[in-house]
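Taking it in order: structure first as structure tokens, then the write-up.
Source: prediction; values computed, not measured. Excluded from the calculations below are hydrogen atoms, water molecules and symmetry mates; all remaining heavy atoms, backbone and side chain alike, are included. Each chain gets a letter, A, B and so on, in the order its sequence line appears, and its residues count up from 1.
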Number of protein chains: 2
Amino acid sequence: MVAGMQSRSTPSARAGGRPRSAAADHAILEATRAALVDLGWTKLTLGDVATRAGVAKTTLYRRWAGKSELVVDAVAELFDELELPDSGSLATDIEGVVLRFAALLGRPETKTALMAVVAESTTDAPLRERVRASIVERQKRLVLEGRQRAQVRGELPVEPDPAAAARTADLVFDVIAGAVVHRALVSAEPVDTEWARRFTALLLSGLAATAGTGPAGPDLSRPPAGSPTRPPVQPH
Amino acid sequence: MVAGMQSRSTPSARAGGRPRSAAADHAILEATRAALVDLGWTKLTLGDVATRAGVAKTTLYRRWAGKSELVVDAVAELFDELELPDSGSLATDIEGVVLRFAALLGRPETKTALMAVVAESTTDAPLRERVRASIVERQKRLVLEGRQRAQVRGELPVEPDPAAAARTADLVFDVIAGAVVHRALVSAEPVDTEWARRFTALLLSGLAATAGTGPAGPDLSRPPAGSPTRPPVQPH
DNA sequence: GGCTTTCGCTACGCGTCGTAGCGTAACTGG
DNA sequence: CCAGTTACGCTACGACGCGTAGCGAAAGCC
């Protein structure tokens, strides 16, 4: 499930001896999340996690290099729940994924762990790669999915240059993820429906204006009338 | 200089006894930044900071509650350098402040400290208030300054409703600061001139489309011809 | 049944934390 | 000038988490 797990047990190695308990893995990661809720990042100790999981402390050190790696794997599992909703229009899709991402950031486990492991990763290159593969890349795929859907719908133009397309995808990803994280964790203000709507409107009209340098296509900021999931609401 | 300092020495208290050494404050904060560069956030110890600063460890604990508070004050001083450039147009102003902010985030002290204290602040309300007052509010003022300048220039419409104006200012702030931080620290990719230009174009065309619901005003995405600080460059 | 690897357990040295206690230094008001 | 008050440097201390070593037992594969 989590990408960073088979990095230690290379399947090409000789396969003799007692296998690692998969149940212990689940127990440890779940205990880690529970400890994050109760204690937060700094007060979390590996000994406490071991006690909660019902395993020996040495078992933890045999599988993970340190606290950071363990927590990355523990919170990475939560990002499996993050999916791109298919609501019929690009605008409501973005609003939906923003709200889901914000709900994930609102959980006490992720709230205290995410920024901490990113902070650690600034001085630890292997950890940064682990964060990228386990968490960041999983979010970025949602952007690529959303763009492809929108292009099929005709809501976004197809960029011919793949390098330029990758640059805009990276830009959009940093804008979405960065804005939500900053709103939720730095400004510490709620990411509610109204904020998501305003943010999406800002982003989409910006995209429409910059992507199509020529005459703009249909208005992307609002879903078409009769949206299946949510009726369009006139802003007062 | 730093806002959180006079919270302990209330000037209304009785003023007898030996005054606190101001030189020690500077030495401690500078030693903290040096230790952040050499050791990073986690390996930084208060005993080491005390040794570098040439003061006793107990002096540190008399002035700051813990590592987080000390680091917040240490990096908050660096944010004094952050200013809004006056380049003649809103677009180049934003590009300039984005590059300056990114340069600040590129320094090893802030890189490792900023995310760490934000992570701490998620489980520590007094610390969150300290971060807000010392660091976040200082950045947000740049947004308000930039908007006012742009309104004087006629580049942005004046929003009559103060509540709505505050909401858009908060939104723009989270988008700018969030995107730059995410690009620099999470994606770990360079915030260079080209990225700043693309991001600014995205933001400004979004602002122009959403703010003026009626007919759009002048094109905000590019400075007027003959910009005093930087000649406009055609994107290939 | 032998080989290999994992697991639980105990114990250990090490470093940091945060505080207490003491004598001294600096500054103020009478 | 002297008593009062506060900050400072220094030492020492208990507490705690870290990460590792060593052992016997368990659980698989050939």
Do [X] and [Y] sit within salt-bridge range, that is, some charged N less than 4.0 Å from a carboxylate O?
X: B:D80; Y: B:R138; result: yes
X: A:R107; Y: A:E81; result: yes
X: B:R132; Y: B:E129; result: yes
X: B:K140; Y: B:D174; result: no

Margin query: Tell me whether the side-chain N or O atoms of B:R20 pair up with the base of D:dA7 as donor and acceptor below 3.5 Å, since no angle test is needed here.
Written below: no
Margin query: Counting distance alone, no hydrogens or angles: does the base of C:dT6 have a donor or acceptor under 3.5 Å from a partner atom on the side chain of A:R18?
Written below: yes
Taking the side chain of [X] as its heavy atoms from C-beta onward, which of [options] lies nearest to it?
X: A:T59; options: C:dT19, D:dT6, C:dC7; result: C:dC7
X: A:R62; options: D:dG9, C:dC7, D:dA7; result: C:dC7
X: B:K57; options: D:dT20, C:dC17, C:dG21; result: C:dC17
X: B:R63; options: D:dC8, C:dT6, D:dG9; result: D:dC8
X: B:Y61; options: D:dG9, C:dG18, C:dG8; result: C:dG18

Note to self: Closer than 3.5 angstrom, by distance alone: can the side chain of B:R33 be matched with the main-chain N or O of B:A74 as a donor-acceptor pair?
What the structure shows: yes
Next item on the list: Please work out which residues in residues 38-50 of chain A have a non-hydrogen atom less than 4.0 Å from an atom of DNA chain D and list them by number.
Entry: A:T45, A:L46, A:G47
Margin query: Just to be sure I understand the rule, does A:S21 reach a base, reach only the sugar-phosphate, or reach nothing, if contact means heavy atoms closer than 4.0 Å?
Written below: sugar-phosphate
Checklist line | Qualifying residue, where the test is side chain to side chain contact (heavy atoms under 4.5 Å, CB included) with A:L78 and the options are A:T110, A:L114, A:L29 | finding: A:T110
Notebook entry, point to check: CG of A:L60 versus C1' of D:dT20: gap in Å, rounded?
Noted result: 14 Å
